[in-house]
Structure formats: C-alpha cells, structure tokens
Amino acid sequence: MNGSVIWDMNWRSLGLQDEAGVRRSITSSKGFMQRLKLDHTLTVHRGCVNTISWNENGQALLSGSDDRKLCITNPHTSKLIASVASGHNANIFSARFIPDRKSVV
C-alpha cells in the first residue's frame with residue numbers, strides 16, 4: 001500500500017492488503033530481498049525439496065521432495081514431527097495443510 005514491506009505485511013494481517021500486493025511489495029523491494037538470509041537447514045529429505053507450506057499457526061512446516069516423502073517439521077526446533085512415504089511414483093511438487101484441520105493434501 002505505501003511501499004514498505006513491513007507495513008504491507010501488517011496491512012495483510014488486518015485483511016486490508018491482498019496476498020498478491022504483499023508479494024509484489026516483497027519482490028520489488030531490493031533492500032528487503034538483500035537482507036534475507038538462511039536461518040535453518042532442515043535435513044529431513046534425501047532429495048531436492050520442491051514444496052513447503054506453513055500451517056495456520058506457524059508451528060509446523062510441511063515439505064515434499066524428490067525422495068517422494070512428505071515431512072512435517074517444527075520450524076523453530078528443526079525437529080521432525082512426522083514423515084510419510086507418500087506412495088507417489090514421482091517427485092512431489094505440491095502439498096498443503098487443510099485450513100482448520102491437521103490434515104495434509
């Protein structure tokens with residue numbers, strides 16, 4: 001809305017900014033992008049990770065990989081919560097938590 005990534009994210013949390021607007025604000029902010037850094041390395045997969053998704057309260061991170069596993073990890077402690085052999089015959093490119101449930105799609 002006003003060009004500040006932090007303000008745009010705050011407006012988004014209040015429902016006053018759409019997701020696409022926040023994405024545009026983040027990706028067009030050279031300063032913000034340059035300050036991003038690696039915070040954790042999760043070693044729960046043996047293949048390239050193709051998808052990640054946060055649960056609604058930010059307490060779990062779902063990832064899918066070329067190893068055809070789905071992993072749920074605590075992003076704050078890096079501890080594996082669950083690992084599921086998906087039964088896929090090929091790489092996993094998309095996985096999401098279902099809102100208001102503990103299910104995964």
Novice: Starting at CZ of Phe93, measure out to OG1 of Thr51 and round the result to the nearest 0.5 Å.
Specialist: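 Atom-to-atom, Phe93:CZ and Thr51:OG1 are 10.0 Å apart.
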Novice: Please answer whether the main-chain N or O of Cys48 pairs with a side-chain N or O of Ser65 as donor and acceptor at a distance below 3.5 Å.
Specialist: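 Yes, the answer is positive, given that a donor and an acceptor are paired below the 3.5 Å cut-off.
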Novice: Taking Thr77 for its side chain and Lys79 for its backbone only, find out whether a donor-acceptor pair lies under 3.5 Å.
Specialist: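 At least one qualifying donor-acceptor pair exists.
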Novice: What's the shortest heavy-atom distance between Leu42 and Leu61, and which atoms?
Specialist: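 That would be CD1-CD2, 3.8 Å.
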Novice: Can you name the closest pair of heavy atoms from Cys71 and Ser83 and give their distance?
Specialist: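 The pair with the smallest heavy-atom distance is SG-OG, 3.8 Å.
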Novice: Linking I/L/V/M/F/W/Y whenever their side-chain heavy atoms sit closer than 4.5 Å, directly or via other members, would Val49 and Leu70 fall into one cluster?
Specialist: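 Unlinked, Val49 and Leu70 end up in two clusters.
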Novice: Heavy atoms only: give me the nearest Phe97-Ser53 pair and the separation to one decimal.
Specialist: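 Scanning both residues, the minimum pair turns out to be CE1-O, 3.5 Å.
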Novice: List the atom of Arg96, the atom of Ile52, and the distance in Å for their closest heavy-atom pair.
Specialist: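 That closest heavy-atom pairing would be NH1-O, 3.8 Å.
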Novice: Where the side chain of Asp67 meets the backbone of His45, is there a donor-acceptor pair that is under 3.5 Å apart?
Specialist: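 Judged by distance alone, no pair lies under 3.5 Å.
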Novice: Minimum heavy-atom separation for Ile92 and Lys69, please, with both atom names.
Specialist: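 Between these two residues, the closest heavy atoms are CD1-O, 3.6 Å.
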Novice: Taking all heavy atoms of Arg68 and all of Ser86, pick out the closest pair and write down the distance.
Specialist: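 That closest heavy-atom pairing would be O-OG, 2.7 Å.
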Novice: Checking side-chain polar atoms at under 3.5 Å, does Asp66 have a donor or acceptor matched by the opposite partner on Asn91?
Specialist: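 The criterion, which ignores hydrogens and geometry beyond distance, is satisfied for Asn91 and Asp66.
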Novice: Counting N and O atoms only, with roles assigned by atom type, does the side chain of Asn55 sit under 3.5 Å from a partner on the main chain of Gln59, one being a donor and the other an acceptor?
Specialist: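 Confirmed, Asn55 side chain pairs with Gln59 backbone.
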Novice: Looking at Asn89, I want to see if its CG is surrounded by more than 12 non-hydrogen atoms of other residues, nucleotides or ligands under 6.0 Å.
Specialist: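 Check fails, neighbour count at 12 or below.
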